[in-house]
There are 2 protein chains.
Amino acid sequence: MVTEKKFYTESQQKMALYAKAMAHPVRIFILDFLADNIGKCCYSGDMAEELPIARSTLSEHLKELKKAGLIQGEINPPYIKYCINKVNWEEAKELFQCFYERK
Amino acid sequence: MVTEKKFYTESQQKMALYAKAMAHPVRIFILDFLADNIGKCCYSGDMAEELPIARSTLSEHLKELKKAGLIQGEINPPYIKYCINKVNWEEAKELFQCFYERK
DNA sequence: ACTTTGTTTCGTTATTCTACGAAATACTAA
DNA sequence: TTAGTATTTCGTAGAATAACGAAACAAAGT
């Protein structure tokens, strides 16, 4: 295995990942929805009613956000209650803040 | 023409566009580079030397950032001097800040 | 055991993204 | 006019994304 030069910092890579997760209006909508309803139960179906997309498509977007760590899902059959992942949300917040304020 | 319901707010759409522009480590690198060198001349070639990608690929990334409005290029043949687009940078900063702080 | 319910996964298709090298561009210098 | 320089555009190819409906799942109720 060849030693590989690191071109991008950890921060740069994380920023890119969080940004990628946020790079679609449906996903921003979902994050807005969850962030505005902290404490409440947010089911996939609740959001599906407000969006002009198939439920399966919504599910894929939820999967993307989960993959990036911005949200998490608590299984409560047959429902799944979604909410913001606070730890990673804070991390993303810090990253974007430092990035835009050049700290 | 049929009247279409608006599902996403202006902010949600703008956020998604800025996030999309930032959704690649090379582009975060470029933004970091330009933001750290405000006032100085930043040419495509300067960045090309620090990145493990073809110059044409870098050029495409620069085009993406220009399209999103985060950077601008001032032609100074045969060079092109790049810099942050301050107006849109501020807008993106505000958007991300309000988003993550739920203001 | 069967049905219902909310949600996800699968299979598919169309589109967009990322990357490269070669060729084109646009201006300067000789 | 020709050569040189920095950068972009083009043509192409492979990978990733987004969308849908149908089918699968997993637990609860009948």
Side-chain angles (χ1 to χ4, degrees), chain A residues 4-5 7-8 12-13 15-31 33-34 37 40-83, chain B residues 4-5 7-8 12-13 15-31 33-34 37 40-83:
Chain A
E4 218 173 295
K5 196 182 177 296
F7 291 102
Y8 314 110
Q12 286 172 336
Q13 293 181 71
M15 285 279 297
L17 284 177
Y18 284 130
K20 192 172 167 188
M22 297 173 66
H24 194 292
V26 166
R27 297 201 288 265
I28 297 289
F29 181 99
I30 294 168
L31 293 173
F33 190 95
L34 294 181
N37 288 288
K40 298 186 201 162
C41 297
C42 295
Y43 304 116
S44 178
D46 298 341
M47 296 182 268
E49 278 166 26
E50 312 214 20
L51 286 168
I53 58 171
R55 270 152 204 266
S56 56
T57 306
L58 170 57
S59 182
E60 311 262 25
H61 284 300
L62 290 168
K63 187 160 66 175
E64 277 303 300
L65 288 170
K66 235 185 301 178
K67 201 179 74 186
L70 286 172
I71 69 172
Q72 58 199 356
E74 186 188 312
I75 294 170
N76 185 15
Y79 298 90
I80 295 177
K81 176 177 152 188
Y82 281 102
C83 61
Chain B
E4 216 173 295
K5 196 184 177 296
F7 291 102
Y8 314 110
Q12 285 172 336
Q13 293 181 70
M15 285 280 296
L17 285 176
Y18 283 129
K20 192 171 166 188
M22 297 173 67
H24 193 293
V26 167
R27 296 199 290 265
I28 297 290
F29 181 98
I30 294 168
L31 292 172
F33 190 94
L34 294 181
N37 288 288
K40 297 186 201 163
C41 297
C42 294
Y43 303 116
S44 178
D46 298 340
M47 296 182 268
E49 276 166 28
E50 311 214 20
L51 286 167
I53 58 172
R55 271 152 204 264
S56 56
T57 305
L58 170 57
S59 182
E60 311 262 24
H61 283 301
L62 289 168
K63 187 160 66 177
E64 278 303 300
L65 288 170
K66 236 185 301 179
K67 201 179 73 186
L70 286 171
I71 69 171
Q72 58 198 355
E74 187 189 310
I75 295 170
N76 185 15
Y79 298 92
I80 296 178
K81 176 176 150 187
Y82 282 102
C83 61

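Residue numbering restarts at 1 for every chain, and letters A, B, ... go by the order of the sequence lines.
- Between A:Ala68 and A:Tyr18, the closest heavy-atom pair is O-CE2, 3.4 Å.
- A:Leu65 places its CG atom 16 Å from the C1' atom of C:dT7, with the value rounded to the nearest Å.
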Using nucleotides 7-12 of chain D, report all nitrogen or oxygen pairs with the protein that are shorter than 3.5 Å.
{"residue": "D:dT7", "atom": "OP1", "partner": "B:Ser44", "partner atom": "N", "Å": "3.1"}
{"residue": "D:dT7", "atom": "OP2", "partner": "B:Gly45", "partner atom": "N", "Å": "2.7"}
{"residue": "D:dT8", "atom": "OP1", "partner": "B:Tyr82", "partner atom": "OH", "Å": "2.1"}
{"residue": "D:dT8", "atom": "OP2", "partner": "B:Ser59", "partner atom": "OG", "Å": "2.9"}
{"residue": "D:dT8", "atom": "O5'", "partner": "B:Ser59", "partner atom": "OG", "Å": "3.1"}
{"residue": "D:dC10", "atom": "N4", "partner": "B:Glu60", "partner atom": "OE2", "Å": "3.4"}

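- Between B:Thr57 atom OG1 and B:Leu62 atom CG the span is 11.0 Å, to the nearest 0.5 Å.
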Listing, residues 19-29 of chain B side-chain donor-acceptor contacts under 3.5 Å, not counting sequence neighbours, or none:
{"residue": "B:His24", "atom": "ND1", "partner": "B:Val26", "partner atom": "N", "Å": "3.1"}
{"residue": "B:Arg27", "atom": "NE", "partner": "B:Ala21", "partner atom": "O", "Å": "2.7"}
{"residue": "B:Arg27", "atom": "NH1", "partner": "B:His61", "partner atom": "ND1", "Å": "3.0"}
{"residue": "B:Arg27", "atom": "NH2", "partner": "B:Lys20", "partner atom": "O", "Å": "3.2"}

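- Here the P atom of nucleotide C:dT8 and the CD1 atom of A:Ile30 are 10 Å apart, to the nearest Å.
- Note: CD (B:Glu49) to C1' (D:dT5) measures 14 Å, nearest angstrom.
- Rounded to the nearest 0.5 angstrom, B:Leu70 CG and B:Glu64 CD are separated by 11.0 Å.
- Between A:Glu49 and A:Arg55, the shortest heavy-atom contact is CG-NH2, 4.5 Å.
- The phosphate of D:dT17 has neither OP1 nor OP2 within less than 4.0 Å of any side-chain N or O from A:His61.
- The shortest side-chain heavy-atom distance between A:Ser44 and A:Leu58 falls under the 4.5 Å cut-off.
- When the options B:Ile71, B:Ile30, B:Leu65 are evaluated for a side-chain contact (heavy atoms from CB on, under 4.5 Å) with B:Tyr82, the one that passes is B:Ile71.
- To the nearest angstrom, C1' of C:dC20 lies 15 Å from CG of B:Leu51.
- We find that NZ of A:Lys67 is positioned 15 Å from C1' of C:dT9, with the value rounded to whole Å.
- Residue B:Leu34 comes nearest to B:Cys42 through the heavy atom pair CD2-CB, 3.3 Å, listed as atom of the first residue, atom of the second, then distance.
- Using a 4.0 Å cutoff on non-hydrogen atoms, the parts of residues 17-29 of chain B near DNA chain C are B:Lys20, B:His24, B:Arg27, ordered by number.
- In this structure, CD1 of A:Ile75 is placed 10 Å from C1' of C:dT8, rounded to the nearest angstrom.
- A:Asn37 places a side-chain N or O within donor-acceptor distance of the main-chain N or O of A:Phe33, the cut-off being under 3.5 Å.
- Note: CD (A:Glu64) to P (C:dT8) measures 13 Å, nearest angstrom.
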